[in-house]
Amino acid sequence: MKTIPEAALNVMGRTAYIDDLPEPRNLLHSAVKLSGSARGRMTRIDAARALALHPSVRVITWKDIPGENQLGFTVADEPLLPEREWEYWGQPLVLCLAETKGLARRAAELVVVEGDALAPTFDPREAAAKGDFILPPRTQRSGDPAAAFARAAYVVSGRADSGGQEHVYLETQGAIAEPRDGDRIFIISGTQGPAVVQRAAARVLGLPMNKVEVETRRLGGGFGGKEDQATTWGCLAALGARLSGRPVKLCLDRKTDMRATGKRHPYSSDWKIAADAEGRLLAFEADYYQNSGCSCDLSAAIISRTLFHAVGAYRIPNVRVTGFLCRTNLPSFTAFRGFGAPQGIFVMEAALDALARRMGIDPVELRRRNLLEEGDITHYGMPMTRVRARESFDSLLEKTRWRELRAEVDSFNASHALEKRGLAVVPNCFGVSFTKLQMNQGGALVHVYQDGSVLVSTGAIEMGQQVSRKIARVTACTLGIPIERVAIERTTTLTVANTVPTAASTGSDINGMAALAACEEIRGRLVRRAAELVGGPAAGLSIEDGRVVRGREDTGLSWDDLVLKTYESRVDLSAHGFYATPGLFYDMEAEKGSPFAYHVYGAALVEVRLDVLRGLYAVERALIVHDVGRSLDRAVDLGQIEGAFAQGLGWALLEELAFGADGRLLSDTLSTYKLPDAHFLPARLEVEMMRETDNPRAVLNSKAIGEPPLVYGIAGYFALLDALRSARPDGPGMYDLPLTPEKALDYLTGDRPEYGREKAAKGDTPC
Amino acid sequence: MTRISLTVNGKRYERDVAENRTLLRFLREDLGLIGTKEGCGAGECGACTVLFDGLTVNSCMVLAVEADGRAVETIEGEAKDGKLSDLQEAFQKHHAVQCGFCTPGMIMSTRELLHRTPKPTVAEIKEGIEGNFCRCTGYQQIVEAVLDVSGQLEKKGELRHA
């Protein structure tokens with residue numbers, strides 16, 4: 001088994017996260033004052049009691065911001081500190097600095113912010129009814145849905161809701177900022193996107209970007225929560241440092257983090273689906289009411305991904321899907337692994353489930369009949385190539401011996417009244433690339449030192465996904481040296497500029513390709529020098545395992561000697577590599593194009609066992625068949641698949657984000673927000689990577705791995721629903737994720753009839 | 001301030017501490033043992049797990065003064081003379097570590113489990129780490145590492161990966 005560079009340090013507890021770094025001399029700590037209601041107009045900030053607490057206390061408000069008080073780049077609706085109104089319960093209003101963390105927190109408590117209450121909105125449908133959208137709605141369409149609905153044998157419609165999800169990266173958000181050399185600022189930020197923090201901090205401080213340096217070594221988890229929303233904390237620390245002239249540290253405690261930061265977007269959606277008499281899908285329509293929260297953040301890119309994944313892994317000729325970005329008085333919902341795709345796929349799977357029920361056929365059979373095929377064109381106009389939907393689905397069915405398994409579970413259910421088993425199979429087709437086209441670029445800086453060791457810097461942030469390991473592998477393969485000779489440096493805005501966040505599963509694709517480009521350049525120079533040294537043409541010479549070879553023959557020249565001799569001949573041993581994902585285009589007007597470099601496929605089966613009297617359940621088994629292209633590291637990819645599945649299963653069954661009627665986050669601790677623990681994962685979890693095949697659209701034929709497997713968690717939802725229906729065959733459809741034990745019990749007892757009382761939209765009978 | 005005397009990873013310390021100082025902050029800030037992490041500060045996540053007279057505690061829920069006269073073990077005591085312990089080796093080998101933030105606490109919980117139960121079943125392993133959240137791995141690779149270090153990878157059985 002391979003070792004992982006950081007792993008040895010990690011298991012010794014020697015990796016340093018932000019709060020572990022040695023504190024700079026003269027450091028000030030800081031804390032934020034959060035709003036105590038969902039919406040209000042500020043009338044007065046009284047800092048007198050806070051200031052009286054200790055001479056070191058300083059209270060910073062929006063008035064102190066030297067530059068522009070704005071973090072929003074897509075829409076300018078996100079002030080760093082609010083000037084007139086606060087827009088959600090838990091919004092940072094002022095920043096307090098003090099000599100100790102305790103003093104800073106007490107000072108923040110003592111600041112009084114007065115204001116007039118304004119009427120808040122929490123429900124996205126209510127916001128939509130008022131026309132309160134962050135950006136205009138977007139619609140993608142193909143074919144003629146109206147005509148298809150008119151001639152279809154089956155038409156079913158309904159509603160599906162999915163809840164938000166707290167990231168719970170184990171390391172909370174944080175930053176340290178230090179004034180340097182006059183007007184420069186240095187920020188250590190716990191962010192997935194150092195360049196985003198750099199750009200925002202420069203804007204807030206009124207500095208050019210070349211005076212702001214941002215560094216990120218590693219994150220104790222990110223999952224999207226630090227893609228855009230680490231910026232606030234980096235900018236606040238920088239603001240404090242700028243104003244005080246001293247280093248400032250801002251590390252959030254868990255409760256503040258949970259209250260103040262955004263989470264996965266909750267969605268409420270209406271859908272309508274049609275099929276012919278044989279169960280071939282004819283048309284699909286959906287309206288997605290995305291609860292965007294109080295500001296845009298990444299909501300626009302997220303709704304994009306929802307629309308692109310609206311029909312999941314299926315072929316549907318007539319489609320109309322519309323996404324609404326609904327403004328509410330909740331934290332600004334943000335990126336979370338999957339980025340709107342799981343929300344869209346859940347709606348599609350709900351529609352299929354309802355349709356199968358109406359038709360009286362096995363939902364697995366209905367899904368299978370409608371899988372994407374090679375050459376299909378998606379509703380957004382992308383021709384699909386190297387499609388592996390059927391291959392993965394059929395391979396899963398074969399492995400599970402689906403028919404026998406279904407029959408066995410049915411017979412178990414027929415003979416057991418108080419215990420029921422449930423099954424579901426869900427396919428996966430996940431598009432890889434940032435949906436915002438311009439973000440599909442990255443850079444790398446590679447140095448080969450005189451002793452033959454290699455240092456690589458890229459925009460890729462290490463947050464547990466072992467992107468460093470993958471980039472080291474790419475570097476070693478390209479230069480022809482053992483991986484031990486390669487070190488991956490932290491990301492800083494000094495070494496690689498204008499990087500995009502490590503997100504959208506593209507971290508190793510984009511940064512790996514940029515590193516590869518730089519390595520190829522250096523390798524070219526080295527091989528030319530090698531030809532001079534060993535004689536003969538450069539063509540045919542290569543470097544393998546640290547030796548210069550011609551064909552299979554060792555030339556007697558080692559990597560180390562070649563490097564040194566190349567240096568002595570005054571040839572540059574450094575290179576900057578750049579990569580822009582080729583072949584991507586998208587016409588926003590027509591809503592057509594090829595926005596993804598490729599798609600990742602797979603399928604999952606989940607089996608649950610339900611306790612009918614108590615509504616409790618256990619996920620007993622999961623089998624995942626997943627497409628990894630040619631894996632850069634199977635142990636790493638396995639960890640990504642299992643970890644993403646755990647998060648998906650948590651989202652589908654367990655993790656319930658709860659807001660009070662006043663918009664206050666009720667699930668603001670780890671005892672009130674239930675995370676998957678060691679018992680929650682299935683006792684039998686089998687992951688099978690599909691037969692490896694080339695993927696010419698990514699580095700060394702690999703495939704992105706971060707987000708796609710999260711989709712498999714959705715199978716958990718439908719497996720439980722299947723068990724619930726065995727217990728109560730007359731029960732309604734219920735598409736309201738997460739399916740917690742409480743909801744399961746309500747379903748069984750019929751206490752909450754609203755579950756599944758699908759809205760009879762557009763005159764069709766609900767199933 | 002109260003004077004306390006305790007051993008941490010076998011080394012004796014005498015320090016004056018404020019009565020409201022938690023063991024977690026004492027370890028991190030007074031002794032500089034930053035391997036023990038704060039994930040929630042409220043006894044809910046397990047990231048700050050240490051051994052307290054051989055038993056696991058959330059060090060954010062124990063006051064430093066309570067540790068007077070006690071023996072505390074932290075992640076820094078696992079590796080001896082720069083050599084990883086068998087448990088650390090197993091975590092590394094089985095890729096039981098992703099972001100690494102929960103790892104020190106996870107290893108301490110596992111260490112206690114193995115003291116108590118040298119050959120734990122899968123169910124006992126899960127019980128042993130039920131107080132430790134890991135948001136990255138989905139726990140399977142952690143369970144595998146513990147099976148391996150206790151010499152019973154054959155029990156992996158139902159934890160099959162391809």
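All values reported here derive from a predicted model rather than from experimental measurement. Proteins come first, then strands; the chains are lettered A, B, ... in the order of their sequence lines, and each starts at number 1.
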request  = Could you have a look at B:Cys99, B:Gly35, B:Gly138 and say which one has the most heavy-atom pairs with chain A under 4.5 angstrom?
outcome  = B:Cys99
request  = Evaluate the side-chain proximity of B:Phe133 to A:Leu670: yes if any heavy-atom separation is below 4.5 Å, no if none is.
outcome  = yes
request  = Quick one: pull up CZ in B:Arg25 and NZ in A:Lys101 and give me the separation to the nearest 0.5 Å.
outcome  = 5.0 Å
inquiry  = With a 4.5 angstrom heavy-atom cut-off, is it the side chain or the backbone of B:Phe101 that approaches chain A, or both, or neither?
reply    = both
query = With a 4.5 angstrom heavy-atom cut-off, which part of A:Phe223 approaches chain B: side chain, backbone, both or neither?
reply = side chain
query = Say you draw a straight line from CD of A:Gln647 to SG of B:Cys136; how long is it, rounded to the nearest 0.5 Å?
reply = 7.5 Å
message = I'd like to know if the side chain of B:Tyr139 and the backbone of A:Phe680 have a donor-acceptor N/O pair within less than 3.5 Å.
response = no
query = Counting a contact as any heavy-atom pair under 4.5 Å apart, which residues of residues 41-54 of chain B contact chain A?
reply = B:Glu44, B:Cys45, B:Ala47
request  = Check each atom of A:Thr172 against the heavy atoms of chain B and say whether the ones under 4.5 Å are side chain, backbone, both or neither.
outcome  = side chain
ask   = Checking heavy atoms, do the side chain of A:Ala646, its backbone, both or neither come under 4.5 Å from chain B?
value = side chain
task = Below 4.5 Å from any heavy atom of chain B, which atoms of A:Met12 appear? Answer side chain, backbone, both or neither.
result = both
query = From B:Glu144 CD over to A:Leu638 CG, what is the distance, rounded to the nearest 0.5 angstrom?
reply = 7.5 Å
message = If we check side-chain hydrogen bond (donor to acceptor under 3.5 Å, both in side chains) with A:His679, which of these qualifies: B:Lys126, B:Glu130, B:Glu127?
response = B:Glu130
remark   = Interface check, chain B: of A:His167, A:Arg254, A:Arg218, most non-hydrogen pairs under 4.5 Å belong to A:Arg254
message = Using 0.5 Å steps for rounding, measure from the CD atom of A:Gln640 to the CD atom of B:Gln98.
response = 5.0 Å
query = So which heavy atom on A:Leu681 is nearest to which on B:Gln140, and how close?
reply = CB-NE2, 3.4 Å
task = Enter the distance from B:Leu84:CG to A:Leu9:CG here, rounded to the nearest 0.5 Å.
result = 9.5 Å
request  = Kindly check if the number of other-residue, nucleotide or ligand heavy atoms within 6.0 Å of CZ (A:Arg401) is above 12?
outcome  = no
Which atoms of A:Asp257 approach chain B - backbone, side chain, both or neither, heavy atom under 4.5 Å = neither
ask   = Is it the case that more than 12 heavy atoms not belonging to B:Glu19 sit under 6.0 Å from its CD atom?
value = yes
inquiry  = Strictly below 4.0 Å, N to O, side chains only: are A:Asp20 and B:Lys37 in salt-bridge contact?
reply    = yes
key: Considering all heavy atoms, the nearest A:Ala7-B:Gln92 contact   = CB-CG, 3.6 Å
inquiry  = I need the minimum non-hydrogen distance between B:Ile107 and A:Val11, along with the two atoms involved.
reply    = CD1-O, 3.6 Å
ask   = In this structure, are over 12 heavy atoms from other groups packed under 6.0 Å from A:Arg217 atom CZ?
value = yes
key: Donor-acceptor contact below 3.5 Å, side chain B:Glu76 vs main chain A:Gly13   = no
note = So, the part of B:Thr103 with a heavy atom under 4.5 Å from chain A: the answer is side chain
message = Report which part of B:Gln88 has an atom under 4.5 Å of a heavy atom belonging to chain A: side chain, backbone, both, or neither.
response = both
request  = Below 4.5 Å from any heavy atom of chain B, which atoms of A:Leu219 appear? Answer side chain, backbone, both or neither.
outcome  = backbone
message = Any non-hydrogen side-chain atom of B:His95 less than 4.5 Å from a side-chain atom of A:Asp633?
response = no
inquiry  = Let me confirm one number: the CG-SG distance from A:Leu170 to B:Cys40, rounded to the nearest 0.5 Å.
reply    = 9.0 Å
